[in-house]
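For clarity, every value in this text was computed on a predicted model and none was experimentally measured.
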Amino acid sequence: MNAPTVLVTGATGTIGSTLVPELQARGADVRAMIRDPDRPVPGAENVVADLRNPESVTAALKDVDAAFLNSPSAEDAAPLQTRFAALARGAGVHRLVVLSQYAARPDSPVRFLRWHAEVEAYVQQLGLDHTVLRPNLYMQALLAFAGTIAQGRFAAPVSGAAVSAVDTRDIAEAAATVLTGTGHTGRTYTLTGPRAVTHDQIAQALSTATGRDIAFQDAPADHFAAALEGVLPPWQLAGLVEDYAHYARGEAAEVHTSVADLTGHAARDITDFAHDYAAAFTPK
């Protein structure tokens, strides 16, 4: 039997760069969809394509058995993803795995969750063999705060709420399982860590891993937004504030077993993440 050809969008991103070797370890032929030809993915067939260019996407989808859909953060992410899904069906792709987000729903006050719900609903009505992955807050999102964490502190408008954050390595492994396995058609898997943790507990895990005192400070949403003004575009900053309000309301604390069910091992804990990435949070 020939090895399946799997197209990975966002192949140089946080999830994609981990997903590619996971797929290769399962015997898949990986086609990495990249936008920058100067940043090829090692060991994969690289195709230069952009979600904004349907002709390039159609070419990338030729003779593909399965596709992983993850778009870069963009204000028009939902229409870009729905168009990709339509092109995938037109190209005869047999399976589509969509990266969504924990608690995606059309009536959410969080714009990102509404956008993901729109994509999910569109893919559902396409009649394509598809699976949806809904990961919670990425533990690796802490790397964006690495500079301040290395100085011994970080802040966010989340109060004392707990979040069942998930390691992106577990997301990639779960995605590889679904892309190369059977029995996942029409399923939606919510991906979380093994427990819900507060940001104070995250700070403690980082302190233990680095051997330094790292403190978390709750920040008012307006102060948090002001600190990031000019760093992120207005739409993305507003969405991030909505995300944190969602966390602060305690709406992202539920723990699911999907990572263990799909991968055969327990989801990585925040202490595992802190240990593995300690160098990133240590002063240079």
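Among residues two or more places apart in sequence or in another chain, the salt bridge (Lys or Arg N to Asp or Glu O under 4.0 Å) test is passed with Arg111 by Glu242. His184 pairs by the ring pair (Phe, Tyr, Trp, His ring centres under 6.0 Å) definition with Tyr189, not counting sequence neighbours. Applying the salt bridge (Lys or Arg N to Asp or Glu O under 4.0 Å) criterion to Asp261, with sequence neighbours excluded, gives no partner residue. Residues forming a salt bridge (Lys or Arg N to Asp or Glu O under 4.0 Å) with Arg26 (at least two apart in sequence, or on another chain): Glu22. Under the salt bridge (Lys or Arg N to Asp or Glu O under 4.0 Å) criterion, Arg39 pairs with no residue, sequence neighbours left out.
Sorted pairs that involve residues 5-19 and meet salt bridge (Lys or Arg N to Asp or Glu O under 4.0 Å), not counting sequence neighbours, are lacking altogether. For the ring pair (Phe, Tyr, Trp, His ring centres under 6.0 Å) condition, no pair includes a residue of residues 9-50, sequence neighbours left out. Residue pairs satisfying the salt bridge (Lys or Arg N to Asp or Glu O under 4.0 Å) criterion with at least one member in residues 268-284, sequence neighbours excluded, are listed as follows: Arg169-Asp276, Asp170-Arg268, Arg195-Asp269. The ring pair (Phe, Tyr, Trp, His ring centres under 6.0 Å) analysis of residues 149-172, with sequence neighbours excluded, yields the pairs Phe154-Phe216. Sorted by first and then second residue, the ring pair (Phe, Tyr, Trp, His ring centres under 6.0 Å) pairs with a member in residues 81-102 form an empty list; sequence neighbours excluded. Sorted by first and then second residue, the pairs that involve residues 138-147 and meet side-chain hydrogen bond (donor to acceptor under 3.5 Å, both in side chains), not counting sequence neighbours, are Gln140-Asp167, Gln140-Thr168, Gln140-Tyr277.
With a 6.0 Å radius and a threshold of 12 heavy atoms from other residues, nucleotides or ligands, Gln125 has its CD atom above the threshold.
Remark: the backbone N or O of Ala252 is paired with a side-chain donor or acceptor of Asn136 at under 3.5 angstrom. In this structure, the side chain of Glu118 does not engage the main chain of Pro106 through any donor-acceptor pair within 3.5 Å. A donor-acceptor distance shorter than 3.5 angstrom exists from the side chain of Ser164 to the backbone of Glu254, with no hydrogens or angles considered. In this structure, the side chain of Thr9 engages the main chain of Phe68 through a donor-acceptor pair within 3.5 Å. The closest donor-acceptor contact from the side chain of Arg95 to the backbone of His130 lies at 3.5 Å or more, if one exists at all.
For Glu173 and Thr177, the side-chain atoms include no donor-acceptor pair closer than 3.5 Å.
Summarising the hydrophobic clusters (Ile, Leu, Val, Met, Phe, Trp, Tyr; side-chain heavy atoms under 4.5 Å, direct or chained), the residues clustered with Val110 are Phe112, Leu113, Trp115, Trp235.
Between Val93 and Asp65, the shortest heavy-atom distance links the atoms CG1-O, 3.7 Å.
Salt-bridge formation is detected for the pair Asp76/Arg52: a Lys NZ or Arg NE/NH1/NH2 atom is positioned less than 4.0 Å from an Asp or Glu carboxylate oxygen.
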